[in-house]
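Everything on this sheet refers to the single structure shown next.
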Amino acid sequence: MCLGIPGRVVEIPDGYHGQIAVVEVSGEKRKVNIGLLDADQSAAPGDWVIIHMGFVVEKTDADGAERAMAGLRLLGSGEQP
């Protein structure tokens, strides 16, 4: 099982061969690798993404990000769905 953390891209910094994005997750900004996205996908400021182990594994939308966060909150609560 892999857990994905939703975040929103705030910047694609110069350099890094376009492989790094600054993403905001729960109010904290961090650099993540976007190199695993398919060649036909690109990340841009404002995009929602799912992060696993420092890598963006997929793009999503605001609704998908909220569902992912709700699932993480549920896991943290120890309750059954």
Side-chain angles (χ1 to χ4, degrees):
M1 176 174 145
C2 102
L3 296 175
I5 309 294
R8 193 163 198 178
V9 177
V10 294
E11 177 187 358
I12 306 293
D14 291 334
Y16 305 102
H17 302 287
Q19 299 289 302
I20 299 294
V22 177
V23 176
E24 185 173 343
V25 177
S26 297
E28 296 289 325
K29 292 180 183 173
R30 60 192 70 193
K31 290 181 182 173
V32 297
N33 189 304
I34 57 175
L36 292 180
L37 289 176
D38 290 336
D40 61 337
Q41 291 184 323
S42 62
D47 287 346
W48 286 97
V49 294
I50 303 295
I51 306 160
H52 177 69
M53 304 276 304
F55 291 87
V56 170
V57 294
E58 68 179 285
K59 286 176 61 174
T60 189
D61 57 17
D63 187 50
E66 178 51 39
R67 285 193 315 270
M69 191 57 81
L72 291 171
R73 284 191 295 270
L74 182 63
L75 282 173
S77 73
E79 296 179 17
Q80 295 292 321

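Numbers for residues simply follow the sequence, beginning at 1. All values below were derived from every heavy atom in this structure, side-chain atoms included, with hydrogens, water molecules and symmetry-related copies excluded.
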inquiry  = Run the side chain to side chain contact (heavy atoms under 4.5 Å, CB included) test on Ile34 and Ile12 for me, step by step, so that the C-alpha distance in whole Å, both residues' side-chain angles and the decisive distance to 0.1 Å come before the verdict.
reply    = CA-CA 10 Å; Ile34 57 175; Ile12 306 293; 4.1 Å; yes
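Here the side chain of Asp61 pairs a donor or acceptor atom with the backbone of Asp63 at under 3.5 angstrom. Checked by atom type and distance alone, the side chain of Lys59 pairs as donor or acceptor with a backbone atom of Ser42 at under 3.5 Å.
Across every non-hydrogen atom of Ala43 and Val9, the tightest pair is CB-CG2, 4.3 Å. Minimum interatomic distance between Arg8 and Gly46 (heavy atoms only, all atoms of both residues): NE-O, 2.9 Å. Here the shortest heavy-atom pairing between Pro6 and Ala65 reads CG-O, 3.5 Å. Across every non-hydrogen atom of Ala68 and Ile50, the tightest pair is CB-CD1, 4.1 Å.
Both Val49 and Val32 belong to a common hydrophobic cluster when Ile, Leu, Val, Met, Phe, Trp and Tyr are linked at side-chain heavy-atom distances under 4.5 angstrom. Residues Val25 and Val56 share a single hydrophobic cluster, defined by chaining ILVMFWY side chains whose heavy atoms lie under 4.5 Å apart. Ile5 and Leu75 end up in the same hydrophobic cluster when Ile, Leu, Val, Met, Phe, Trp and Tyr side chains are linked at under 4.5 Å. Both Leu72 and Ile51 sit in one connected hydrophobic cluster of ILVMFWY residues. Membership requires side-chain heavy atoms under 4.5 Å apart, directly or through other members.
Salt bridge annotation for Lys31-Glu11: absent, with no cationic side-chain nitrogen under 4.0 angstrom from a carboxylate oxygen.
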